[in-house]
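Below is one structure, written out as structure tokens, with a few remarks after it.
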There are 2 protein chains.
Amino acid sequence: MSAIVSDALGETAPDSFGEGADAERAPTRSLSVADRIRASILSGDFEPGARLHEVRLSERLGVSRTPVRSALQSLASEGLLEYAPNRGYSVRRFLTSEIVDAYEIRTMLESLATRLAAERGLTDAERAVIEGALADGDAILAKEELEESDRIGYGAVNFAFHDTIHAASRCRMLGDMIRMCQSVPQSSHRNVVSFEYLEVRRRHEDHHRIYDAILLRDAYRAEMLMREHVASVKTGLVRSISGRAPTRSRR
Amino acid sequence: MSAIVSDALGETAPDSFGEGADAERAPTRSLSVADRIRASILSGDFEPGARLHEVRLSERLGVSRTPVRSALQSLASEGLLEYAPNRGYSVRRFLTSEIVDAYEIRTMLESLATRLAAERGLTDAERAVIEGALADGDAILAKEELEESDRIGYGAVNFAFHDTIHAASRCRMLGDMIRMCQSVPQSSHRNVVSFEYLEVRRRHEDHHRIYDAILLRDAYRAEMLMREHVASVKTGLVRSISGRAPTRSRR
DNA sequence: TGAGCAAAAATTGTATACATTAATTATTGA
DNA sequence: TCAATAATTAATGTATACAATTTTTGCTCA
């Protein structure tokens, strides 16, 4: 992987609860604890719906309940946990419909981010990261077939590409919202849903076209390309959720 | 105003810090305090950028720092406050560009919500609320001119219409995100930016058309109508920000 | 045996004391 | 007089004790 891309990733090792140097660098215990619990949840340490007991977490993490409570509140506001007054926090359950809906939302948000990035232009650093990601992806695909081990590598490429566009939109709120969408299972850019060679190559070609459109400042084309790009991933996901139609949220 | 609409509004009186029956009903102090501080900020009690000292707030509200801290964290995650580690919370400043960007985002989110509402259909109660709002708006506009006192009334109508569509999208995340957009100054549905008769009438006609499209389950037309509807409000806002182009965020 | 209820335990919510960091003021030196 | 720095003040961060609520347990009674 190009050094530029791996730098841009921040490379948070999935140190589930083992206080990585990363977490230790956080300015307060509350933030560090939030990072550690988040990583733990995303790596699947807790079942969906599982309660997170404040005392147990505080003992396990070696801090008092205060920073734990603060961290849990943060994670709930990120959409990772559910909160009920006097009953604490639990890992959020996602209905299939919510996962699909999150893709609908992301389709709109990412295409908007791409339009704004095209309108506002890229910095030199951002161009370098994207070009690195595109080159890395080209290299992975040059083999004409994909191994399971390429999943992580291409996941990083995919993440770097999209994340840099989010940053280039120069709109913090947009980045925050896209991050919320990504806390939904199977919706992270690191997770490449369908991993067949032709699918991945097609999506990588999309990346090239989107980047070209951004460089040419063709905001409308960039927006539409990204919309189709994300929407096609959603379609793939829906198809992969077996044959049955996505279940609708009850009420 | 029709009873149905005013019911649907929940009518949170702007009781800046006076613990309304509403806040008192909250299950925990943290939540009640958050409600009271939020109302206080939105009613303009604090300058943008003003620090919110935990001790002063806790004294003023008659609670300890614990629920105040929890409330401040909530408000920061809503986008109303800014947080810096070891330096506390302050009222978020919005650049003009951020206000405009929030409208761009809302345009996408609200049009998506409208499409989903059309696809998924309305409950009887939702139809009743919207029809009430439309009738109330018709009544206000029947006079062929608007007084300043109509601002609040039409604001309520506007809010009821949009809020019901958000609910009908059956997508909590979408509602949350639209709420984040509305914490941006001048971006609440209650705030009717331009209040000239012809402008308001045009927008109210939009409401009628959007509702028709939803009833007919014409998802694409409903989406596009809402997109244009919100975008036109944005355009009006940009025009009203005097002649100069909206300032771009630095960096 | 099971439903209903009461007591106990466990868990979250709040207050407060202390620790740590940032901001302010005072002091020293040139 | 001003700049740099030390001492002080004030603010936030954390730990812990207590209060209120929820959940569990075990009992009673039909």
Side-chain angles (χ1 to χ4, degrees), chain A residues 17 19-38 40-41 45-78 80-93, chain B residues 17 19 22-38 40-41 45-78 80-93:
Chain A
F17 273 42
E19 49 191 80
D22 201 80
E24 205 51 39
R25 200 173 301 127
T28 70
R29 285 197 227 297
S30 298
L31 295 171
S32 136
V33 164
D35 288 343
R36 290 164 70 184
I37 298 178
R38 186 188 302 105
S40 180
I41 293 169
D45 288 2
F46 300 93
E47 295 294 309
R51 274 275 294 280
L52 295 184
H53 296 268
E54 298 174 3
V55 276
R56 286 183 215 166
L57 284 172
S58 65
E59 282 163 9
R60 190 162 162 196
L61 294 165
V63 298
S64 79
R65 278 177 59 213
T66 309
V68 170
R69 281 176 64 82
S70 167
L72 293 177
Q73 197 184 328
S74 291
L75 298 174
S77 77
E78 288 174 28
L80 222 65
L81 299 179
E82 205 114 38
Y83 169 73
N86 284 310
R87 301 176 65 182
Y89 297 86
S90 50
V91 177
R92 178 163 166 197
R93 278 180 221 278
Chain B
F17 273 45
E19 49 193 79
D22 201 77
E24 205 51 41
R25 199 172 303 127
T28 70
R29 288 201 226 298
S30 298
L31 295 171
S32 132
V33 164
D35 288 343
R36 290 163 69 185
I37 298 178
R38 186 189 302 105
S40 180
I41 293 169
D45 288 3
F46 299 93
E47 294 295 310
R51 273 276 291 282
L52 295 183
H53 296 268
E54 298 175 3
V55 276
R56 287 182 214 166
L57 284 172
S58 64
E59 283 164 8
R60 189 161 161 195
L61 294 164
V63 297
S64 80
R65 275 177 60 212
T66 307
V68 169
R69 279 176 66 82
S70 168
L72 293 177
Q73 197 183 329
S74 292
L75 297 174
S77 76
E78 288 175 27
L80 223 65
L81 300 180
E82 206 114 37
Y83 169 72
N86 284 310
R87 301 174 70 182
Y89 296 85
S90 51
V91 177
R92 178 163 165 198
R93 278 180 221 277

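Below, chains carry the letters A, B, ... as their sequence lines are ordered, and counting in each starts from 1. Just so it is clear, the structure is predicted and the values come from calculations on it, not from any experiment.
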Report all interatomic pairs (protein N or O, nucleotide N or O of nucleotides 5-9 of chain D) with separations under 3.5 Å.
none

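Remark: the backbone N or O of A:Ala71 is not paired with any side-chain donor or acceptor of A:Arg38 at under 3.5 angstrom. With A:Gln73 contributing its side chain and B:Ser70 its backbone, the two residues share a donor-acceptor pair below 3.5 Å.
One finds no side-chain N or O of A:Thr28 lying less than 4.0 angstrom from the OP1 or OP2 phosphate oxygen of D:dT12. B:Arg69 has no side-chain polar atom (N or O) that falls below the 4.0 Å cut-off from OP1 or OP2 of C:dT14. In this structure, B:Thr66 does not reach the C:dT14 phosphate: none of its side-chain N or O atoms is under 4.0 Å from OP1 or OP2. Contact annotation: B:Tyr89 side-chain N/O to D:dG13 OP1/OP2 distance is not under 4.0 Å. Between A:Ser30 and D:dT14 there is a side-chain polar atom (N or O) within less than 4.0 angstrom of OP1 or OP2.
In this structure, B:Leu52 places its CG atom 17 Å from C1' of D:dA10, rounding to the nearest Å. For the pair B:Gln73 CD and D:dG13 P, the interatomic distance rounds to 10 Å; values are reported in whole Å. The interatomic distance linking A:Tyr83 (OH) with C:dG13 (C1') rounds to 8 Å, in whole Å.
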Determine, stepwise, if the pair B:Leu52 / B:Leu75 fulfils side chain to side chain contact (heavy atoms under 4.5 Å, CB included).
CA-CA 11 Å; B:Leu52 295 183; B:Leu75 297 174; 5.8 Å; no
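Of the two residues near DNA chain C, B:Pro67 and A:Arg56, the one whose nearest nucleotide lies more 5' is A:Arg56.
Here A:Leu72 lies out of heavy-atom contact (under 4.0 Å) with every strand.
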What is the per-nucleotide protein-contact pattern of nucleotides 17-24 of chain D, from the 5' end, where B denotes a base atom under 4.0 Å from a protein heavy atom, S denotes such proximity for sugar-phosphate atoms only, and - denotes neither?
B---SSS-
